[in-house]
Trainee: 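Would you mind keeping the following structure in view while I ask a few things?
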Amino acid sequence: MADADETSKQAERNTNVGDGIAVKKQDIARAKNEGKELTKDEKQRLRKEKKQQKKNKKDDKGESEHENVPLPPSQAVVQCQSQKVCTSEKPAKSKAEQRAERRARQEADRAAKGKKGESAQQPPSGKSKAPPNELQPVVKRLPEHVQVDDPAAVRKLAKKLERQQIPVRSEYGYKVSLFSHLHQYSRKAPLTQQISIPSTVIHPYIVRLGLQYSQGIVAGSNARSIALLHAFQKVIQDYKTPPNEELSRDLVNKLKPYISYLNQCRPLSASMGNAIKYVKKEISNIPCLCKEEEAKKQLLSCIDNYIKEKITLAATTISAYAIEKISNGDVILVYGCSSLVNHILCDAFDKKRKFSVIVVDSRPRLEGREALRRLVKKGICCTYVLISAVSYILPEVSKVFLGAHALLANGYVMSRVGTSQIALVAKAYNVPVLVCCETYKFCERVQTDSFVSNELDDPDDLMVTRKGKIHLENWQDIRQLGLLNLVYDVTPPDFVDLVITDLGMIPCTSVPVVLRVKNVDQ
Amino acid sequence: MELQAVLMAAGGGSRMMELTYNTHKPLLPVGNKPLIWYPLNLLERVGFEEVIIITTKDVQKMLTPDRLKLDGKMKLDVVCIQLEGEMGTADALRHVQQKIKTDVLVLSCDLITDVALHEVVDLFRAHNASMAMLMSKLHEFTETVPGQKGKKKAGEQRDFVGVDATGQRLLFMANEADLEDGLTIRKSIMCKHPSMRIRTGLLDAHLYCLKRCVVDFLVENKNISSIRGELIPYLVRKQFSKSVNLPNNKDEVEMSQKMEGQTNLEILGSCKDEELLRLTQERSCWNDHHGDMSEAYHGGKVRCYVHIMEDGVCYRVNTLAAYIEANRMVSAPKLIEDPPIHPSAVISECTQVGADSIIGASCQISDKTSIKRSTVGASSTVREKVKITNSILMNGVTVEEGCNIQGSVICSNAVIGRNADIKYCLVGSSQRIEPDGDLKMSRDWPA
């Protein structure tokens with residue numbers, strides 16, 4: 001029966017298949033239905049048809065959505081329709097009858113598509129198929145890849161934002177063609193210009209948070225997550241269940257527009273995504289008989305616990321593991337400003353380890369200055385270089401400590417742009433590279449390059465003022481010039497020697513194991 | 001709710017008594033709309049749904065929605081105060097303290113501006129500031145002020161405003177009158193902000209975003225009576241005062257403060273500062289300044305920000321010169337969406353009405369008149385052969401035939417007799433100018 005399903009599915013899907021093949025398929029389907037065994041010829045024909053379907057499928061990508069999710073009811077409808085068609089036909093069909101059949105198949109198609117449209121949207125690109133996990137029968141929905149140069153996706157996003165009453169932020173400036181699928185916004189055009197000033201649709205704390213994200217006042221994976229959870233606490237405190245609604249369902253719906261708003265201000269990080277998932281899960285797990293005050297108190301304490309466990313205590317644990325790796329006389333290289341790495345170094349200094357630090361920094365963010373300030377304030381001996389000098393300074397370095405924005409499911413480390421360079425050069429010099437990352441930053445996404453999913457910052461940041469003159473001031477007037485301000489890059493696991501997490505010190509390739517273990521726990 | 005708007009409309013207009021002795025300042029017509037319409041329109045355009053207006057009883061009677069010609073459904077909550085006691089703006093704010101439940105945006109009724117209000121409020125939100133205000137570059141008044149012979153004396157004292165290198169953080173604010181023997185800047189400010197720009201050509205728009213704890217602080221300290229005069233300089237100074245070392249026992253500190261008789265603003269402010277916010281700031285790799293060893297904002301809890309408008313319309317109509325200038329500028333299309341010539345005005349064919357003139361409702365303009373760069377108020381009558389240039393006519397003015405009015409301000413219900421020649425004059429409310437009168441540079445109002 002499975003084969004019949006497949007053939008009927010293929011029949012309905014590919015209306016551009018020639019008549020002859022359609023007839024043959026219906027023959028075979030009829031033969032199957034009658035219970036006869038397929039002859040060798042028929043089997044070969046079947047195989048050839050399948051190959052052709054696959055080729056047609058590649059041209060017709062939109063149709064591929066149908067493959068992933070099994071839809072028993074529509075399929076059954078289609079199946080019995082095509083069966084009806086099969087049984088009622090004669091071997092030599094007239095063209096009109098075939099046309100009628102094709103029309104019937106198209107109707108079934110449209111009905112199936114309509115049903116599909118209501119259910120969850122699948123990501124359009126084929127590679128985001130969720131690998132079926134033996135321990136988890138439910139197929140997970142992976143985050144969609146941003147596709148700004150696809151007008152259909154842009155329209156879909158615009159419609160969704162309109163429904164949630166969130167303004168759409170307009171793109172800014174010429175985008176380098178390799179990254180034209182990503183958003184590029186200007187910091188001088190904040191989203192607050194399009195919302196009313198005492199914001200009524202969006203909670204004021206969320207507006208403030210979005211502003212702080214887009215202006216870079218709250219930057220860094222941990223800081224952003226903590227700020228997000230704090231804002232959610234405020235939202236929950238101010239929330240009142242409307243009559244005839246349940247807190248567990250309505251609060252989640254209330255949070256959705258806020259999350260879209262924050263996404264528009266600055267794309268969400270992996271840690272924020274995990275935090276949001278946790279909060280949503282906690283909210284939906286509230287029993288319906290629970291009183292509002294109690295439910296709110298429970299949610300607030302859940303959020304507090306999450307922060308305490310996953311961020312604060314994780315930092316302490318990681319620092320305890322990491323200190324074993326720091327010995328007296330070490331020269332440690334750090335890049336940019338990672339709150340976790342700074343915490344580790346400060347703790348090690350408190351525990352009387354003797355080491356010195358080299359802070360590597362890069363434009364345009366120059367976050368290393370902040371790391372330098374914190375370490376020097378503590379009393380640690382520091383050197384400061386720009387990333388262009390890293391190969392010059394590496395012979396002196398004994399270890400490299402890097403922070404991470406996210407750890408991907410294939411073991412790649414997503415971090416500030418420049419990290420992969422440092423890891424590469426360190427590998428060339430045989431210097432061990434240790435990445436410190438809490439487990440809540442582990443992400444199920446898979447990426448092998450920095451192009452497909454990244455963040456484009458404001459290109460005007462690259463303008464620099466020297467001696468009163470602003471270079472690149474009129475970059476928009478030059479047609480052939482594009483400014484690229486990337487934020488993240490991915491480092492392959494071959495360059496990373498060890499990942500220090502709160503679960504212990506693991507190799508980079510063990511990340512999927514941790515993810516699986518985490519999911520089982522939940 | 002995020003912000004509540006409070007509009008201060010109880011001021012007397014003491015610097016333009018010629019105009020305000022009969023008409024209250026909030027109701028003075030500017031471009032044929034009452035002065036109070038402009039800040040209300042600004043609030044409405046931006047999205048406010050409710051405004052608290054503090055005013056006197058007389059003005060309250062006139063503040064009905066149709067009189068105000070507000071299109072939207074903004075709710076006006078009018079609170080009356082007595083004008084007998086000298087009530088400052090801070091006293092007025094204390095008066096409505098019960099109604100204030102969130103952060104507050106205080107405006108003055110004489111502000112005409114087209115500022116993008118989100119710039120000011122964004123500073124207030126993003127930096128979690130105690131106060132954010134709006135300032136604008138001072139425009140020189142080019143129009144001749146009626147009745148003022150010779151150059152304007154430097155009676156207006158300058159304001160010295162010190163901002164940091166980014167131009168947003170307010171470091172220093174003082175008026176020339178308070179600086180007797182020179183400008184002193186404390187060393188602590190210079191240590192924290194080595195680069196400071198001091199500007200003098202700025203106009204304070206009297207638009208302030210204040211935090212809720214500042215309002216509570218005002219309630220506690222009854223000796224502060226003016227927001228602009230006392231509260232704002234206090235807040236600016238407070239940014240750099242030595243921070244109180246919060247001991248572990250907060251109650252102890254509160255007790256000692258109460259014994260001093262003054263609740264410390266910082267205690268009030270820091271109670272709001274929560275553990276998670278502190279943690280966020282600790283983990284964030286952002287700093288507002290570079291080059292020294294202190295954390296973001298130098299660890300200060302009180303922060304004052306200013307948004308300085310470099311271009312755009314921003315006027316405070318508190319003097320005659322400003323009033324005249326404002327009347328010119330509001331014909332700019334940005335502020336008023338209505339057509340300059342009201343549809344109900346009756347204008348005969350042989351008249352010349354310039355494109356930059358504003359004619360009010362139910363006016364009657366007769367033949368052979370010429371109106372250039374002027375504003376004619378509602379229900380005014382202008383007879384034949386009248387030439388009006390560069391002037392402002394308020395409501396209900398009657399101008400008989402053959403008059404020539406140049407550069408003048410004619411207040412409401414005045415009557416100008418025929419063939420009168422009026423140049424650069426101010427005619428008070430309900431005054432009568434004799435026919436064939438010839439007035440130059442005089443002010444005619446019952447003193």
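Here is how names work: the chains are called A, B, and so on, in the same order as the sequence lines, proteins then strands, and each is numbered from 1. All values below were derived from every heavy atom in this structure, side-chain atoms included, with hydrogens, water molecules and symmetry-related copies excluded.
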Trainee: Examine whether an atom of A/Arg374 lies under 4.5 Å from a heavy atom of chain B, and if so say whether it belongs to the side chain, the backbone or both; otherwise answer neither.
Mentor: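 A/Arg374 touches chain B through side-chain heavy atoms alone.
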
Trainee: How long is the straight-line distance from CZ of B/Arg283 back to NE2 of A/His343, given to the nearest 0.5 Å?
Mentor: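 Output value for this atom pair is 6.0 Å.
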
Trainee: Check whether B/Asp288 gets within reach of chain A through its side chain, its backbone, both or neither, counting any heavy atom under 4.5 Å.
Mentor: neither

Trainee: Is B/Val121 in contact with chain A via its backbone, its side chain, both, or neither, using a 4.5 Å heavy-atom distance?
Mentor: side chain

Trainee: Measure the CD-CZ distance between A/Gln215 and B/Arg125 for me, rounded to the nearest 0.5 Å.
Mentor: 11.0 Å

Trainee: Examine whether an atom of A/Thr200 lies under 4.5 Å from a heavy atom of chain B, and if so say whether it belongs to the side chain, the backbone or both; otherwise answer neither.
Mentor: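 Looking at A/Thr200, just its side chain touches chain B.
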
Trainee: Does the B/Ser284 side chain pair with the main chain of A/Ile217, one donor and one acceptor, at a distance under 3.5 Å?
Mentor: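 At least one qualifying donor-acceptor pair exists.
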
Trainee: Which value, rounded to the nearest 0.5 Å, describes the distance between B/Glu119 atom CD and A/Lys188 atom NZ?
Mentor: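 With rounding to 0.5 Å, CD (B/Glu119) is 11.5 Å from NZ (A/Lys188).
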
Trainee: What distance do B/Asn287 atom CG and A/Glu367 atom CD have between them, rounded to the nearest 0.5 Å?
Mentor: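 The CD atom of A/Glu367 is 12.0 Å from CG of B/Asn287, to the nearest 0.5 Å.
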
Trainee: Please step through side chain to side chain contact (heavy atoms under 4.5 Å, CB included) for the pair B/Leu279 and A/His230, ending with a clear verdict.
Mentor: CA-CA 10 Å; B/Leu279 200 58; A/His230 172 74; over 6 Å; no

Trainee: Give the C-alpha distance, both sets of side-chain angles, the deciding distance and a yes or no for side chain to side chain contact (heavy atoms under 4.5 Å, CB included) between A/Gln212 and B/Thr280.
Mentor: CA-CA 11 Å; A/Gln212 288 179 329; B/Thr280 309; over 6 Å; no

Trainee: Holding to side chain to side chain contact (heavy atoms under 4.5 Å, CB included), I want the full list of residues that pass it with A/Lys378, two or more places apart in sequence or in another chain.
Mentor: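 Partners of A/Lys378 under the side chain to side chain contact (heavy atoms under 4.5 Å, CB included) test: A/Cys346, A/Phe349, A/Asp350, A/Ile380.
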
Trainee: In terms of heavy-atom pairs under 4.5 Å with chain B, which of A/Arg208, A/Arg373, A/Gln193 leads?
Mentor: A/Arg373

Trainee: Given heavy-atom pairs under 4.5 angstrom as the criterion, report whether the side chain, backbone, both or neither of B/Ala116 touches chain A.
Mentor: neither

Trainee: Distance from A/Leu372 atom CG to B/His290 atom NE2, nearest 0.5 Å?
Mentor: 12.0 Å

Trainee: If I measure from the heavy atoms of chain A, does B/Ser294 come under 4.5 Å with its side chain, its backbone, both, or neither?
Mentor: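 Contact with chain A involves the backbone of B/Ser294 alone.
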
Trainee: Could you look at B/Glu282 and say if it's the side chain, the backbone, both or neither that has a heavy atom under 4.5 Å from chain A?
Mentor: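 For B/Glu282, the contact with chain A is made by the backbone alone.
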
Trainee: Would a distance-only check, ignoring hydrogens and angles, find a side-chain to backbone donor-acceptor pair under 3.5 Å from B/Glu2 to A/Ser199?
Mentor: yes

Trainee: Would you give the length of the straight line joining atom CG of B/Leu276 to atom CG of A/Leu228, rounded to the nearest 0.5 angstrom?
Mentor: 11.5 Å

